[in-house]
Structure formats: structure tokens, C-alpha cells
Amino acid sequence: MSGYVLEARGLTKRYGRVTAMDGADFDLRPGEILAVIGDNGAGKSTLIKALSGAVQPDEGDLLLDGKPVRFASPLEARQAGIETVYQTLALSPALSISDNMFMGRELRRGDLLGRWLGILDRARMDRIAREKLTELGLMTIQNIGQKVETLSGGQRQGIAVARAAAFGSRVVILDEPTAALGVKESRRVLDLILDVRSRGLPIVLISHNMPHVFEIADRIHIHRLGRRLCVINPREHSMSDAVAYMTGAKMPEGVAA
Amino acid sequence: MSGYVLEARGLTKRYGRVTAMDGADFDLRPGEILAVIGDNGAGKSTLIKALSGAVQPDEGDLLLDGKPVRFASPLEARQAGIETVYQTLALSPALSISDNMFMGRELRRGDLLGRWLGILDRARMDRIAREKLTELGLMTIQNIGQKVETLSGGQRQGIAVARAAAFGSRVVILDEPTAALGVKESRRVLDLILDVRSRGLPIVLISHNMPHVFEIADRIHIHRLGRRLCVINPREHSMSDAVAYMTGAKMPEGVAA
Amino acid sequence: MSQTTPAEVAQFHVRRTPLESLQHFLHRYPTMVPVLVLIVSVIGFGLVAPNFLSPFNLSLILQQVAVVGTLAAAQSLVILTAGIDLSVGAVMVLASVVMGKLGVEMGVPAPLAILAGILCGLAAGWVNGMLVTRLRLPPFITTLGTLNIFIALVYYLSDRNTIRSQDIDAAAPLLKLFGNKFQAGGFVITWGVLLMLAVFAVLYVALNMTAWGKRVYAIGDDTEAAALAGIQVNRVLLSVYMAAGLICGLAAWSAIGRVGSVSPTSFAESNLESITAVVIGGISLFGGRGSITGPLIGAIIVGVFNSGLRLLGVDVLWQLFATGWLIIIAVAVDQWIRKISS
Amino acid sequence: MSQTTPAEVAQFHVRRTPLESLQHFLHRYPTMVPVLVLIVSVIGFGLVAPNFLSPFNLSLILQQVAVVGTLAAAQSLVILTAGIDLSVGAVMVLASVVMGKLGVEMGVPAPLAILAGILCGLAAGWVNGMLVTRLRLPPFITTLGTLNIFIALVYYLSDRNTIRSQDIDAAAPLLKLFGNKFQAGGFVITWGVLLMLAVFAVLYVALNMTAWGKRVYAIGDDTEAAALAGIQVNRVLLSVYMAAGLICGLAAWSAIGRVGSVSPTSFAESNLESITAVVIGGISLFGGRGSITGPLIGAIIVGVFNSGLRLLGVDVLWQLFATGWLIIIAVAVDQWIRKISS
Amino acid sequence: AQEPVKACVITKTDINPFFVKVKEGAEAKGKELGVQVMGYAGKIDGDHETQQQAMESCIAAGVKGILLIASDPKAIVPAVEQAKAQGILVIALDTPLEPATAADATFATDNFEAGRLIGAWAKGHMGDKAADAHIAMLNINATQPSVDVLRNQGFVEGFGMDPKDKSKYGDEDDKRIVGQEYTDGNEEGGRRAMEAMFQRDPSINVVHTINEPAAAGAYEALKSFGKEKDVTIVSVDGGCPGVRNVKEGVIGATSQQYPFKMAEMGIEAIAAFAKDGTRPKATEGLDFVNTGVQLVTDQPVEGVPSITSDEGLKLCWG
Ligand SMILES: Nc1ncnc2c1ncn2[C@@H]1O[C@H](COP(=O)(O)OP(=O)(O)OP(=O)(O)O)[C@@H](O)[C@H]1O
Ligand SMILES: Nc1ncnc2c1ncn2[C@@H]1O[C@H](COP(=O)(O)OP(=O)(O)OP(=O)(O)O)[C@@H](O)[C@H]1O
Ligand SMILES: [Mg+2]
Ligand SMILES: [Mg+2]
């Protein structure tokens, strides 16, 4: 046992002439918050998509709890307990907030109608969705049946984060969850991340916001030119070190763990 | 003369049952950097769209250099010298970087082919686009003919900002230009904003990033519940004051200027 | 937070013309648009066309609409996923030819022949679905291709021959089940009309009350988002095309009842007619938006226009003309209503 | 920054099968896909169909393709903006009926009659464009509506009568200009073929070398982004539909030369055929992607198939069958090539 | 000269049994006489362009003769002349070209006569009641092809009404004609058209239909109104399903035409032409070779020659 929840070795992904990932390694320990930082175009989003089944790497292996896995679709990753908030959010604009929260794992009614005809239990889904959003404190929304397309960018982000936090059982991955959020909402998301960790779940956080990263990350994975450059401990390195590594201005001394 | 470059009085915009702007005022002084901050859904993006012609307000007036104006389309605002980077960027994925830079204001050849048949001067457009991007220092792109869809989110943001900076003649408006950017790129955009101001152009900057706002803004417009709550001087108020006003935790003492 | 002005308040300080009030009402209940168009056109034709409002004529319209309406239900499913199915008409004719060939010409017991025809529709839907999901061909192109292929099969199987009504009566009267009628207070309703209503009722429940329905809408709305959200897009899409094929198979059975014979040349135009019904019914061709009740009303609207114009004795030329404007006006009204939110 | 591994390097450490090499070649030069399909099918039919490769037959194919090819040029423009024009065929027939009616039946001087016909095409395009831009109707629906309207006008104006070749020769031979031929080393080329090539050449320049062309692509790619970027979307779209209408007007002139008479029933299928040519030519139905050279090749491919199958004496049934598969396979090949980038 | 003689048969569509029989007849005769026959058809009724392409392909294939059922008998003329210029014998089947002399020969049903026969029969069958008949005319489609016009106008004349301009229908002012409807020549269209007609005038008692599928559809509509006993349907074609419908009383009378014969005569003419260059001659008094038409009915009427449905069944096609 490697002791890692999620592990990747030598992931490579080419898009025609562009190599988005070039032998990337990755590992995530139980119960930790791992931040992934890197320049624009370094390949962070591609790495995350490979971990969550949205992209199939050309080469390389994925290990979940030490066992090799292969996710052919986001659904398979989700069924394995890996919940992801993508940069593009993955919400359906014309559906309601509650429909979006339960997309792909709708609740059926307990009675015959539900068991035999698959009739949904809308009341229960609405109630749970409202609970989750209130819990998150992100919501300034009165109507859970409102269509997502009528929400502001920040409100949408809130829905996506709430969905991942509510359903993740093994790993929660967040790709720039606070990019579009205001100060108060960002704060809530950070609190939520800490909250999820306290439930014992490990979290992968991609962010360009160095103060946020240094505030909550246990370890920081620095990505550069399509692969992992190093992993640093935020208590042993300064923000400016991290930025220097990221941009190639300086090389880290120690070798990546 | 009010002495304002751009001024708005009592802008209102309703979307069905939602009131996105509710009598919003706005003013921008010559040569200043005005930051607009506010909670998610406060109506910042809507305000900016009204200023740049992308949305027609239901009520209210717009004044450019003290003269009433009405922009029926983004093009009219642009022709009046107002250049905008939208949150959604407004790039065409299948077109090249250079095509996107010159979208809607393509350069024709000087010879007969250009004057009579409207044949484009591709070489010159490519050269200027490359210059602008290099100037901005944002670019890690070798090929100006590359399609925008092959760029990362951050790279795309760079293109959009460079376009506005290059062509704005009266006002440059930026809606969260650094949200998707890395540290180094964010730095470059901030420098660019200062650079644009030094050319005498006023800038409107929407951002959730308080450190950035307090670093470069001359005045801060705080938006709340669809209207301007107040305008503060970043040298007289702290970040936490600003956040408290934004979220309604505290009310500003002075009246909005 | 910004919705601090709920509509109730807004209505006090915003004066509205009656037209604007109507616009707002319809915006709130968009499914009422086709209903309104229907009411207006029924009243309109009632005023000018003799006999139009007789129960006899009104039930005739329903009978005439039953087959295309059933096809429109199949078409709606596909259009809700942002696709389009140019082959619905061809699949229906193919399925009816299979039923006739087996049940009448080859002496297979009627229930088996009908089952085989319906399965043939299902199989045709499966082919469309596989091409769309596995080869990732745009639905328009896929079904443009299979349209040609299915018609070729119709020619091949039917040998271009109609199977006569009397021969069906002798060998397999069950094929004409949906042509049976009953009276209900002056109205004459065929079983085919009931089949159409039943198909829409089932789809209503499936689309609005089951997970499958939510997924169909989500895929039509934004396929990529749906996939990232963990929906098995290909499986759902395949099921949609298969359901559409199945409904075409049922429509085939209904068509035999309506026409009385198995006719390879009938319903050549039914594909465009089904699309017309769907768009008049307010389902967006871009997918993900619109209620399944719309196409039912849409099909009836087209039937009302055709019947009304015929009763007025207008030349077919002007029927074409009117249908053209009907399509444009119905969708323009729809756009006008949506306008307040953009 | 991440493009640190240019393709040149990549090709050294990635082993490719010949098939993969082909895939990569075509991915780099997607406009070569239809060319390749064309070459393969010409060689294929050359081997099995007698007389297929004779200069006579090859030039015949070009002649047969000229009208639909010209229409495909108009269709391509609209499809590039993510629209579709179901009315191109009807507009062409309408324009040719106007030319014949004025020039032959009413004795208007031929140049004026032709001008009026072309302007009629332009006007029809204007109607489509206004409906799409002002009323914001989806192009599919708009042109489904105007298709009916234009056909009604054709019936009305022509009184369903064909104007005979001899009458045209007597009254206005200029109408048949594009039917004239000349020899070029065994090949017989009509002016109509040259018109088609000229239309494509002009569109090539306009789409690739002018601001208008860039805007057409930008609108097809992402309309909202284009509008925010300051493009006057409505103006450009209107110009696209008008240009398409104009080309249909030219195609009408060419069609009179091709058919020899003014026939209101000809080219009833030309609308679907033009779409087929465009999709086989590799232009995306979602807009913004594809080269204008594709539809030209696409139209010729369809012509080659039809001619080859006819020379083989294949039953019409199997011609339909083959056309269906051709559409599916051509687009499947296209998808297979794109696969490496997704 | 070892190459077999090749011939083409080009029909309007490939779905109508009548055209299919023409093709089959040509192929059968071709086999007998050693002529290789290739068949083509338009995609839909009125599809002229595909027929023109087929003409050209036949020329390219080097055929000796072409049998043509023209979709647009005027528009096809230039293509026919092109073929004749290449020394190909072009025979128009079923539908005469305009001008008829454009083809080397025409082998056709006299469609006007076919219409006239059923008109005369209907009039005789009704007897005195013919004076206040209520007649529905169920035609093919809005393009009004010449076959449609000829049958319609023939019926009108046969029934003793004034057809006015014989080159089109709908201009008659005889009150007995309730109206004109289109059927697309198929069952569904026939039923729809009959339903509309019936609403305009529920006392309709005579129905002229363009062909037997339309007649079958019209009958279904009448049956659903319980009126099938009160109305006389007449039609044209003489396909086996149609003749059986006559036998069973669905259709009162139908004019039978002979596609097999048409096609056989055509192929024979081409074979003769290929052998020694002889060209076929037109029937006396007509500008075409009449392949014959006979009225099929089990209720014969004085003065209108007819055969019984049993005789008709022996001669029927499809
Ligand atoms: N579908 C695709 N087709 C072609 N190239 C792609 C595709 N997706 C990503 N790339 C390329 O792969 C590289 C890595 O992209 P990725 O989105 O993973 O970067 P990132 O680190 O997430 O950047 P950012 O911080 O800006 O979001 C970029 O150069 C991008 O252009
Ligand atoms: N097209 C629209 N239709 C309906 N409601 C809309 C529309 N656009 C915006 N709104 C609503 O208007 C309000 C203001 O939105 P806006 O995008 O201006 O907020 P914002 O201040 O920019 O928020 P953020 O910081 O999250 O981007 C939100 O409640 C949003 O739901
Ligand atoms: Mg990213
Ligand atoms: Mg915003």
C-alpha cells in the first residue's frame, strides 16, 4: 500500500500537435487538502480531467487506494466516489437548481410508482437541495425551482460546489472554485473545503489565488510544462518561492515527494 | 460640464421577475482607475453591459463627456471609444488569434485590391497582433495563426485584454480580467492597466480580488442590490470596511460622491 | 439577493398595455402559446368556414391528425435532445409494410406480425441511435442517410404494392384495430386518436416525472455539461432514438387503421409535417426547451388549418401559402413572448 | 508554454500505422478529405462501370452537377453561419419561372427578364434574412415556412405550365446561355459549369480574404461572442441570405440552360441534394467550420455516384440505398479524422 | 457487333406499381429478344432533373433505344433531341411528349379515352339521376400533370358536361361538379380528399379518382361515414388490386391500361430498329400507338363497351 488515496503515474495527453500533459505524476494523501498550482496552460485542468474520467490519458496509470483503475467517463469516477467541480461548472442552464443538484443520481419515490415506474420524489430532492445550499450559506436564492440560467456567475459556482461537497465520498476535486466568487462567497467556499476535510475527505484544489492556497493547503503540487515539478509544504516555503517555481524563475532544491 | 468621462443616472434593467439593476448611478473621471466591487449577483456585469451597449437599460440615462448617448449595440459603444472585456471574453474559438484581435475592425490592403475588393492585409494584422501580445508580455504563444480554441482559459483571457488595451481610445472596461489568470499573468494585467492609465485613458475594473483593487484603484464604486451604495477612496478605507459595505454588514457614513 | 422586487410588487409600479399583459402571461405560462393559437384559429375558421364547428368536422380533424400527431411525439423526443429525425415517416411506412407483408401476405398470426412491425421500428431507431452515438454523426445527417436507406427497404419489401383493405379484413383484421371508432355525444373518435393521446400522456409522465426525462432535457440543453455531470449521454440518446422508433412502429399500426390498407406510397410528406407540428408546438430546435404537450396542440393546429381552408374551398396553392405563414407566425409569436427576458 | 513538443519531435517517438498517418495527414489538411473520397470513388467506378472514365461521361457528370453545385454554394454560405436554407431549390425555381414568364410569355427583353429573375432570388433571400434577423426565427423554421410560400408562388406564376424549349429559342434565347457548350480535348464543358466554378471562386476570395468572410465565420462559430466583439450580426446575416438568394437567381438562369425549358416541377429534390453536397464536402452543420471548396467537391462526389450506379444499371432502389450510405460514410470519415483532437 | 443491344427504360418514379410493371415488362421482353435493359426512375413524381440525367447516362452507355415515361413532357424534349442526334430511338410511353413528334414514336394509353369511358359509364349507370349528380373530382397533385388533366377532362366529357379548356381542369361551370381535390395518388391522400369533399357536400354520389389507390382511400372515408353504398366510385389503372376492388364493389368501374404491352411493344420496336433501322408507325387517326384501354365493370351499361372483372383479372398487372 502506497498510503495514497489517489495516485497517477506518467500521465500523458496529446491534442494533435499540443502536448497538454507530458508524463505527469500526482498523489493525494488521505484527509489532506492538496493544492495544484501552475501557470496558465500548464495542464492543470487536463490533469484534473484525467483524474475524474472526463479525459482519457494516452499513457500512464491511475491508482485508487493503491488499486489500478481506469475511468471511461465522469460517471465511473463519480461512482468510485470522486466528485469534481469543473472550471466550466457542468450545469444545465434550462433545468432547475434542484434538478442540477441531483443530475444523474435522481431520487425515486419509495412507493410503487417510484419503484416500478421510476417516478421521482421531487419534494424530497427539493428539500435536500435547499438544505445543502443553506448549509453552505452560499445561497441568496429563494426559489429552488429557479432555472440555473437566471443565476449570476457566482451563484452558479455556488451550486456546483455545493453539489460536489454534498455527494463526494472519496475525493473532492475543485478546479478554481473561487475564481468567479466574491469575498464573502470565497470565504464560505474555503470554510466548506475545511469542513469537508474535517469529515475525513481529501480535497484537490486548483487555484491561482496564492493567499487562499497558502491559507488552507496541506501540500502544494506545482505543475509546470505539463508535468509535476515538485510538491512543497506551504509552511516551509513562501508564496514568492512558489510563484518563482511555477514560472520557472527559480528551481526547487529538494526533489518532489 | 460635470467633468466626468462616462456617467449613468438611474439605470434600471428587469429580466422578467428579476430586477438586475434598480436605479444604478455611475460615474467615471478622466484618467482614473475606478474599481467596481459587489457581491455575486449585485448587478455589476449588467451595469457594465449597459455602459458598453450590450444591454439596453429599461430606464435611465447615459452621458459620455456630458452629452447624452444611447448605445444600441456594442459596436456603437466601441465606435465611441469604449472598449470592453466581458466576463465571457467574446472570442470566436475557430478563428485565429490575429483574426480575433481585429474582429470587426479588420485592416484592408492599401492597394487597389484592398480599396476596391476589400481584400485584407493579413501580414500587417498578424504583425500588429504579435506586437501587441508581446508588449503585453502575456503571451507564451508562438503561432499567431493558432485557433483560439486550442488555448487555455488564461491564454484566452490574455487575448481579450490585449485587444481592449490596444484599441480603447476613451474608456477601457474590464469585467474580472484576472479571474482565470495565474499570478504572473495577473501581475502583467495589473501593470497593463496602470500603463493604460498613464496614457491618460480611464479604466473601469470589476474584480472580486480585494488586494488587486486596493492596489491600483483610484476610487472604488461599491455595488449592492442592483444599485450604487457608495464610492470610497481606497486610501481612506480598509479592505475589511469595503467588504463590510459590500455585504451589508456595515453602512458607509458619508454619502456617495 | 437581487430578486428583491418580486413580480407582485413590480406589477404595481409598471403600467402595462393589455398586449404587454398578455405577453407577460404567456411568458409565465409558455405552454399556453400553442393553446391560444389553436383557440384563435378554431374561432376564426368557425366564423368563416361553413360546418367547421360541427362535432362531425371537429372529430374528423382529430382523426386526420392522429397519425402525424403520433409521429410528432416521436419527433419531439429527438428534437428535445437537440437532434432531428428526418426518417420518422420512412420508419413508419417501413414498419407498416412489415406488418402487412407478414400478417397478410405470409400468413403470420396478426399479433406476431404487428409485434414484428413494431420491433422493426425499434430496430430502425436503434440504427439511428447507434450512428449518432457511436460514430458521432450529427442527427440531421444520420437520418438524411437512413431516410434513403429505409425508403429503399420499403421498395424492396413491398415490391411497390399496396395491400388491400379487403385482404387485410380477411387475413388479419387486427391490423386495422386503430381504425375502429366509437361515438361520444356527436363526436366520433377512433382508437387511433386515443393511441395518439396515450403516447403523449406516457411521454408527459416520462419526461416530467422520471430521471430519464430530466436527463433527456439536460442533454438537449448542454450535452457536455450533462456528460461531465455524470449522465451517460450515449445511453440516454440511444434510448431516445429507440423510443422514437418504437413510437413510429405504433404509428404504423395506427396508419393501417387510418388508411385502411398498407400503402407504401402514403405519408410521403409526414416527416416535414411532424417537424412542423413540433415547432408550432413551441419545442426549440436547439433542444432542451419546450413541453411535450406542445406538439400535440401543434399537430391539431395544422389539422385545423388544413381542414378550415379545405372547407373554404381554397386552392391547394393557398393552403401551401397559409401553412408557410402559419409556421412563421407561430414561431414569431413564441419569440415575441420570450423577448421580455433577453 | 505547453506546446513545447512540436509535431516534428512528436513524430519521432510516436510510431504510427499507415492508417494513423493518413488520419494525421487528413487532420492537418481537412480539405483533402472530400478530395480523397472523390478520387477513390472515381477510380472505383472506373474499374467496374463501363464507359465511366470516358471524357464524354466525365464531362457529363460536371454538366449534371452544375446546377445543384451552384445551389450548394448558396447553401454553404447559410450553413457557415450555423443556419440552414430549406428554400434554395424553391427560390431557384421561382426565379426561373419569373425569367420565363417575363422573357417568353410577356415579351420583356431577355436581359431585363433575367435581371428580374435574379432580383427575385435576391428578394427571396432578403425575406429569409429579414425573418431570421428581425423576428429572430431559427433559419430551419423560417425557410421551412418560406419554402411553402415560394412553392405556392411558383404554382401561381407558372400556372403549373412548362415553357417549352422551342418557345424560349424563339422569344429569348439568352435565357439558355448557360446551356451553351464548348469542346476542350474530348471534354464538353457547358457555360453552366463555368458559372458554378466562378461562383465558388468568388466565394473563396470573399470568405478567406475579406472582412466580410471573417465575420461570416465568426458569427457561425459563436454568434454572441461575435456580437459582443462588435460585429453587426444582423447586417452580416442579412447579407448572407441575400447573397444566397442572388446565387439561387444565377442558378435559375443556369438551370434554364441545363433543362432547356422552364419547368416548375424540376429540381424538386435539389434542396436536400444541396445539403447533401455541403455535408459531404465537410462543412459543419453547426456553423463556422469548413472550407468553401468542400461543397464543390461534395456535389461532384454525388454526381459521380449517381452516374456510376446508373452506368452499372443498378436498380433505383439500390441507388437510394447507396446514397444513404454515402452520406453516412462520408461524414463518418470526417468524424474519424477529427477524433484525434478530442 | 458482338455487343448486346442495350436499351433504357426511364419511368416517373419507382414506387408506383404501374411504372414497375413497365420496367418488368421491358426486362422480360428484353430477355426474350436478347436486349439488355437498364431501368431508371425519378425520385418523386415530377422529378424532371433525374430523368434528364438518366437520359444522358443512357447516351453515355451507348444504348440503341430509350423507352421514356416523361415527368415533364415539355421539358424533356431537348434531352430527347440530344439522344436522337446520337442515333438513338426514343419512344415515349404512357405520356406523349409535347410536341408529340419529338419522340420517334409514342406507345400510350389514351388517357382521355380512359377518362371518357368511366365518365360515360357513370352517366349511364346513374340513368336519370345523372341530371342531379353530385360529383367529386379527386386528382393527383398541384402540378397537374397531363395524365391527370386528360383523365379528368375525359371523365367530364364522358359524363356529358362541358370541359371548357381541355388543357386544364377546374374551369368547368357545370353545377354538378362539387369541386377538385388532390390525393397524391395514394390511399391516405384519397381518404383525406374524400373527407374534405364530403363535408363540402354530403350528398356526393359520384367520385372520379385519378387512380385506384386514391379510390381505395376514398372508399375508406365513405365507409367510415356509412355512405359507401350510396356513392359510385370510378377510377383508372386496371391494376390487380383495383380490378379486385371492382369485383368486390368498392369501385364501380375502372379503365384498364396495359403497361406490360406498352413496354413489350417498345422493346420490340427497339429490337427491330437495331436490326434493320425500321421505325414504328402511329395508330391511324392518332399521333401515337394506342396500346388500348378497356372498361372493367360488373355492371355493364348500354353503349359503353366493357369487360367483366373476371376478364379484367386475367389481364391485370401489379
Ligand atoms: N481540447 C483541446 N484541444 C487542443 N488543445 C487543448 C485542449 N484542451 C487543452 N489544450 C491545451 O493544453 C494545454 C493545457 O491546458 P489546460 O486547460 O490543462 O491548462 P491549465 O493549466 O488548466 O490552464 P489555466 O490555468 O489557464 O486554466 C493548453 O496549452 C491548451 O491549449
Ligand atoms: N439574462 C438574464 N436573465 C435573467 N436574469 C438575469 C440575466 N442576466 C442577469 N440576471 C440576473 O441579474 C442579477 C445580476 O446579475 P449580474 O450578472 O449583473 O451580477 P454580478 O454582480 O455580475 O455577479 P457576479 O459577480 O457573480 O458576476 C442576477 O441575480 C442574475 O440572476
Ligand atoms: Mg484550467
Ligand atoms: Mg458578473
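Just so it is clear, the model here is predicted, and its values are computed rather than measured.
Closest non-hydrogen pair, E:Glu188 versus C:Ser266, comes out as N-OG, 3.1 Å. Considering every non-hydrogen atom in both C:Phe267 and E:Asn186, the closest pair reads N-ND2, 4.4 Å. Shortest non-hydrogen contact noted between C:Thr162 and E:Pro241 is O-CG, 4.5 Å.
Contacts with chain E (heavy atom to heavy atom, under 4.5 Å) involve these residues of residues 165-179 of chain C, listed by number: C:Ser165, C:Gln166, C:Asp167, C:Asp169, C:Lys176. Inspection of non-hydrogen atoms places C:Asn51, C:Phe56, C:Asn57 of residues 44-57 of chain C under 4.5 Å from chain E.
Taken from SG in E:Cys240 to CZ in C:Arg164, the straight-line distance is 10.0 Å, to the nearest 0.5 Å.
By the salt bridge (charged side-chain N to carboxylate O under 4.0 Å, His left out) test, E:Arg191 is found to be paired with E:Glu195, residues two or more places apart in sequence or in another chain being considered.
For residues 200-219 of chain E, every residue pair satisfying the salt bridge (charged side-chain N to carboxylate O under 4.0 Å, His left out) rule, not counting sequence neighbours, is listed here: E:Glu181-E:Arg200.
Interface remark: C:Glu269 contributes no atoms to any contact with chain E (heavy atom separation under 4.5 Å).
Checking E:Glu187 against C:Ser263 by side-chain atom types alone, a donor-acceptor pair falls below 3.5 Å.
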Taking it one step at a time, do C:Arg310 and E:Arg192 satisfy side chain to side chain contact (heavy atoms under 4.5 Å, CB included)? CA-CA 10 Å; C:Arg310 278 221 177 108; E:Arg192 224 192 273 216; 3.7 Å; yes
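Looking at C:Leu60 and E:Phe225, their side chains come closer than 4.5 Å, going by heavy atoms from C-beta outward.
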